[in-house]
Every structure is written in structure tokens, then in C-alpha cells.
Amino acid sequence: MRRVSGNRESQEEPGELPPFAELVLELTERIPSGRVMTYGDVAEYLEEGGPRQVGRVMALYGGAVAWWRVVRADGALLPGHELRALERYRAEGTPLRSVRGRGPARGSAAAEDLPRVDLSRARWDGR
DNA sequence: AGCTTGACCGACC
DNA sequence: TGGTCGGCCAAGC
């Protein structure tokens with residue numbers, strides 16, 4: 001009980017999220033199926049923080065929400081979770097864009113040319 | 001208290 | 001089309 005000095009917010013209970021994180025996750029849950037927002041969009045919509053802060057929140061707590069509906073500005077899939085995300089997109093019907101004319105199987109160094117999210121169609125502005 | 005890093009972004013070449 | 005650079009904001013060391 002004796003709080004010797006004023007450390008108020010140092011004591012955070014695990015399970016309770018920082019306000020900003022909560023806003024990000026809440027907004028993420030609002031993104032309709034088949035649509036996406038960029039990290040920058042989320043930050044701009046919340047009028048707080050920046051893309052990188054949103055990215056941090058998703059990295060820490062994203063597992064609890066539809067993390068695949070928040071993408072980078074170029075529509076590239078998350079490194080390390082590309083296949084997982086791709087499955088979601090295909091299931092939700094998220095507009096995708098082939099990387100280039102589609103499957104140049106011959107000579108393609110990349111084992112798999114992963115598509116990207118077509119932001120021009122899938123971008124959701126919060127309305 | 002200062003430097004580095006990060007699920008980023010936009011401009012430039 | 002793709003790589004690099006600087007800027008941005010917060011957390012960690």
C-alpha cells in the first residue's frame with residue numbers, strides 16, 4: 001500500500017492493453033471481411049501515433065485479431081506469414097493482384113511468386 | 001540520457 | 001520494378 005513515489009502507470013496488469021493498442025485492435029476488428037487497411041491508414045484514422053506504432057501493436061497483440069486485414073502500403077504480404085495470410089484472403093475474397101502477368105514459371109527464381117493485396121480495390125477507409 | 005531497432009511510408013534513382 | 005535513404009514515433013538496452 002505505501003506507494004512511496006508516484007509511479008502510476010508503471011504498474012500495468014497483464015491482460016490490460018495500453019489504450020493505443022486497444023484502439024488499434026478494435027479498429028482491426030471493424031475491418032470488414034475482404035477488405036484491408038494499411039498501417040499508415042490505421043494510424044491516420046486513429047489520429048495518433050504512426051505506422052510503426054501500429055506495427056508494434058500488431059506484432060505484440062495481433063494474434064488476437066484479424067491481423068491479415070492490416071497490411072503494408074505496397075500490399076505485400078507479411079514476411080513469415082504470407083501463406084497464412086494468403087489463405088485468409090482467398091477465403092474472404094480479398095482482391096489480390098498477381099505480381100506480374102501471372103506465373104512466369106520458367107526462369108522465375110522465386111520459388112513462389114506470391115500475389116499482393118490489390119489496395120486500389122481492397123482498401124477500406126473506415127466507412 | 002543517448003543510440004538502436006522496428007509486422008512503416010514516401011520520395012528518388 | 002526494385003533497391004536505398006531519410007523521416008517518424010515509441011520501446012529496449
Side-chain angles (χ1 to χ4, degrees):
Chain A
M1 326 288 215
R2 51 156 145 220
R3 34 195 86 146
V4 183
S5 37
N7 68 307
R8 344 169 182 238
E9 330 179 81
S10 308
Q11 298 190 334
E12 273 186 53
E13 312 261 326
E16 288 291 318
L17 301 175
F20 180 66
E22 198 171 326
L23 290 174
V24 171
L25 296 180
E26 189 175 344
L27 179 57
T28 302
E29 290 281 86
R30 278 191 49 199
I31 302 176
S33 177
R35 295 310 230 21
V36 298
M37 283 183 93
T38 71
Y39 295 94
D41 286 344
V42 172
E44 189 176 343
Y45 184 89
L46 296 177
E47 295 180 325
E48 188 175 340
R52 313 204 68 154
Q53 280 52 250
V54 176
R56 181 180 311 282
V57 171
M58 294 307 288
L60 294 174
Y61 315 105
V65 295
W67 54 266
W68 58 92
R69 292 181 191 158
V70 181
V71 300
R72 290 180 11 183
D74 60 359
L77 306 188
L78 249 76
H81 302 273
E82 302 157 326
L83 296 180
R84 209 116 42 219
L86 187 53
E87 287 242 345
R88 297 294 186 170
Y89 296 143
R90 292 184 63 189
E92 295 182 1
T94 305
L96 297 177
R97 186 166 191 178
S98 300
V99 178
R100 238 186 55 215
R102 187 82 253 309
R106 76 164 166 326
S108 62
E112 315 178 52
D113 296 304
L114 294 167
R116 299 197 239 180
V117 174
D118 187 351
L119 284 174
S120 63
R121 290 191 291 161
R123 203 173 201 175
W124 184 66
D125 54 0
R127 286 173 291 130

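Letters A, B, ... mirror the listed sequences (proteins, then strands); counts begin at 1.
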Give the rounded distance in Å between these two atoms: CZ of A:Phe20 and C1' of C:dC9.
9 Å

Nearest-nucleotide pick for A:Trp67, side chain only, options being B:dA7, C:dA11, B:dC9
B:dA7

With sugar-phosphate meaning primed atoms plus P, OP1 and OP2, does A:Ala73 contact a base, only sugar-phosphate, or nothing at under 4.0 Å between heavy atoms?
sugar-phosphate

For the residue pair A:Leu96 and A:Arg116, establish whether any side-chain heavy-atom pair is separated by less than 4.5 Å.
no

Would you kindly give the CE-to-C1' distance between A:Met37 and B:dA7, to the nearest whole Å?
16 Å

Between A:Tyr89 and A:Val71 the two heavy atoms that sit nearest each other are OH-CG1, 3.2 Å

Looking only at atom P, what distance separates C:dG2 and B:dA7, rounded to whole Å?
23 Å

Here the distance between atom P of C:dC8 and atom CD of A:Glu47, to the nearest Å, is 19 Å

Between B:dT4 and C:dC5, how many Å separate the two P atoms, rounded to a whole number?
16 Å

Send over the distance from A:Arg52 CZ to B:dT5 C1', rounded to a whole Å.
8 Å

Can you tell me how far apart CZ (A:Arg30) and CZ (A:Arg35) are? Round to the nearest 0.5 Å.
12.5 Å

Is the shortest side-chain heavy-atom distance between A:Leu25 and A:Leu17 below 4.5 Å?
yes

Atom OH of A:Tyr45 to atom C1' of B:dC9: distance rounded to whole Å?
21 Å

With a 4.0 Å cut-off on heavy atoms, is A:Arg116 in touch with a base, just the backbone sugar-phosphate, or nothing at all?
sugar-phosphate

Between A:Arg69 and A:Glu92, is there a side-chain N and carboxylate O pair less than 4.0 Å apart?
yes

For A:Gln53 and B:dC9, what is the distance between atoms CD and P respectively, to the nearest whole Å?
12 Å

In dot-bracket notation, what is the pairing pattern of DNA chain B, taking Watson-Crick (N1-N3 plus N6-O4 or O6-N4) and G-U wobble (N1-O2 and O6-N3) contacts under 3.5 Å, with [ ] crossing and | for other strands?
.|||||.||||||

Rounded distance in Å - CG (A:Leu77) to P (B:dC8)
13 Å

Compare all side-chain heavy atoms of A:Val24 with those of A:Leu46 and state whether any distance is below 4.5 angstrom.
yes

Take atom CG of A:Asp74 and atom C1' of C:dT4, then tell me their distance rounded to the nearest Å.
15 Å

Distance-minimising heavy-atom pair for A:Ala122 and A:Gly34
CB-O, 4.3 Å

